[in-house]
2 protein chains.
Amino acid sequence: MSSDTRWLDKGEQEVWRALRELIWGFESAMDRQLIRDSELSGVEYSVLAALSEAEDGVMRARDIAQALDWERSRLSHLLKRMEAKGLVARTECESDARGFNISMTAAGHKAIVRAAPGHVSFVRENIFDPLTEDERDALHSAATKIQASIRAAGLWENRGAPKA
Amino acid sequence: MSSDTRWLDKGEQEVWRALRELIWGFESAMDRQLIRDSELSGVEYSVLAALSEAEDGVMRARDIAQALDWERSRLSHLLKRMEAKGLVARTECESDARGFNISMTAAGHKAIVRAAPGHVSFVRENIFDPLTEDERDALHSAATKIQASIRAAGLWENRGAPKA
DNA sequence: ATTGATTTGTTGACATGTCAATCATGCACG
DNA sequence: CGTGCATGATTGACATGTCAACAAATCAAT
């Protein structure tokens, strides 16, 4: 596993560098755009967007965490802050006394409605507009395959309890 | 800029979802692999890798920050921790009394030599092996174009002082 | 040379994320 | 029914990153 390492050749290094820079830089650029043009951070936007996609704008915390693939504690901390800001509200869950229902407040709804156009424009202008159709398709399948490969290697899940 | 937003259609949403998941998940998967198989975190690996590429294994803090496109304070905090762990050492800079030269210690060198094969294997097995040549090339050009587009929009730089 | 702007780096306050521990509830199976 | 394990969520300690303020050295321009 050590002596027979297949190192990256020149061309592979360039691809890897481009991808690494994209992965490191894209999220913060997106955050910057959101914070500049709205009152929401990227993670706050994610939560509100998830809530928007639910029928009634209400989701259990568990389901939000699953939809976003986040740790529970991360969501819990964030929801506490968002609740303090008045973006979401929590009500007890009737069917399961352990759970909580998270809903958007009017302020939360207003915030995401205001933020969404700029966010979508950012995605369209920086991902779809610059790429040819072929490149877009290839990007799609490449991203899907890479993720599948990492999953198969058991390195994707956050809480990696590899059934020790 | 608000009423004429071009929203994403079904297919575009799928591409965007795949890319977003990749961007969010890849880095932490890489970190997980490194921490599992070595004593280095992803950011520590980055610093040591940058130092490795310098001729004599010595770089000024400024140049490391530039190479990694990091904020100065981030690097400063990290170097303090890495120095405490004995991975790097700092010496004053002769030519510029403000600067510091950062060098790898023997322990730092040992650590990255031990971590590198696993890291390269991770990259090869999860990026290059699963993709066809066409996909790899398309991924390369797509990543490059997306980054160029974000740069052109002025949203790439960390310290965005947009010449107000 | 002196002044003022720029560069280099550190620091401290704060925001955010991870991890392990905790607690209450629900569920499965005897 | 209980008993024990799984689930949902919170908490606190800690790791890490950002931001703005700072200090010291250099540079530029007169």
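Side-chain atoms are counted along with the backbone in the values below, which use heavy atoms only and exclude waters and symmetry mates.
The side chain to side chain donor-acceptor pair (under 3.5 Å) analysis of residues 101-115 of chain B, with sequence neighbours excluded, yields the pairs Glu39(B)-Arg114(B).
Residue contacts shown for Ser41(B) are absent, as no nucleic acid heavy atom lies under 4.0 Å away.
When the P atom of dC19(D) is taken as reference, atom CG of Leu75(B) falls 16 Å away, rounded to whole Å. When rounded to the nearest whole Å, the span between CH2 of Trp70(A) and C1' of dC19(C) equals 17 Å. Distance CE (Met82(A)) to P (dA15(C)): 16 Å, rounded to an integer number of Å. In this structure, Asp31(A) places its CG atom 15 Å from P of dG17(D), rounding to the nearest Å. Counting to the nearest Å, the C1' atom of dC19(D) and the CD1 atom of Ile35(A) are 12 Å from each other. Distance Met59(B) CE to dG9(C) P: 11 Å, rounded to the nearest Å. Between the CD atom of Glu44(A) and the C1' atom of dG17(C) there is a distance of 14 Å, rounded to whole Å. Between Tyr45(A) atom OH and dT16(C) atom P there is a gap of 18 Å when expressed in whole angstrom units.
One finds a side-chain N or O of Arg74(A) lying less than 4.0 angstrom from the OP1 or OP2 phosphate oxygen of dG17(C). Here Arg72(A) does not reach the OP1 or OP2 of dC19(C): none of its side-chain N or O atoms lies under 4.0 Å away. Put simply, Arg81(A) has a side-chain N or O that comes within less than 4.0 Å of OP1 or OP2 on dT16(C). Between dG9(C) and Arg60(B), a contact under 4.0 Å exists linking OP1 or OP2 to a side-chain N or O. For the pair Arg62(B) and dT8(C), the criterion of a side-chain N or O lying under 4.0 Å from OP1 or OP2 is met. For Arg90(B), a side-chain nitrogen or oxygen approaches OP1 or OP2 of dT10(C) to under 4.0 Å.
Where Leu78(A) and Arg98(A) meet DNA chain C, the nucleotide closest to each residue was compared, and Leu78(A) sits on the side nearer the 5' end. Comparing Val43(A) and Ala97(A) against DNA chain C, the residue whose closest nucleotide sits nearer the 5' end is Val43(A).
Ion pair Lys85(B)/Glu44(B) flagged as a salt bridge, since at least one NZ, NE, NH1 or NH2 atom sits closer than 4.0 Å to an Asp/Glu carboxylate oxygen.
One N or O donor and one acceptor, one from the side chain of His77(A) and one from the base of dG12(D), sit under 3.5 Å apart.
Of all heavy-atom pairs between Glu12(A) and Phe128(B), the closest is O-CZ, 3.3 Å. Smallest separation of non-hydrogen atoms from Leu79(A) and Val47(A): CD2-CG1, 4.3 Å.
In this structure, the nucleotide among dA13(D), dT25(C), dT6(C) sitting nearest to the side chain of Asp96(A) is dT25(C).
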- Message: As a quick check of understanding, evaluate salt bridge (Lys or Arg N to Asp or Glu O under 4.0 Å) for Asp129(A) and Arg6(B), giving each step before the final call.
- Response: CA-CA 11 Å; Asp129(A) 286 350; Arg6(B) 292 173 298 151; 3.1 Å; yes

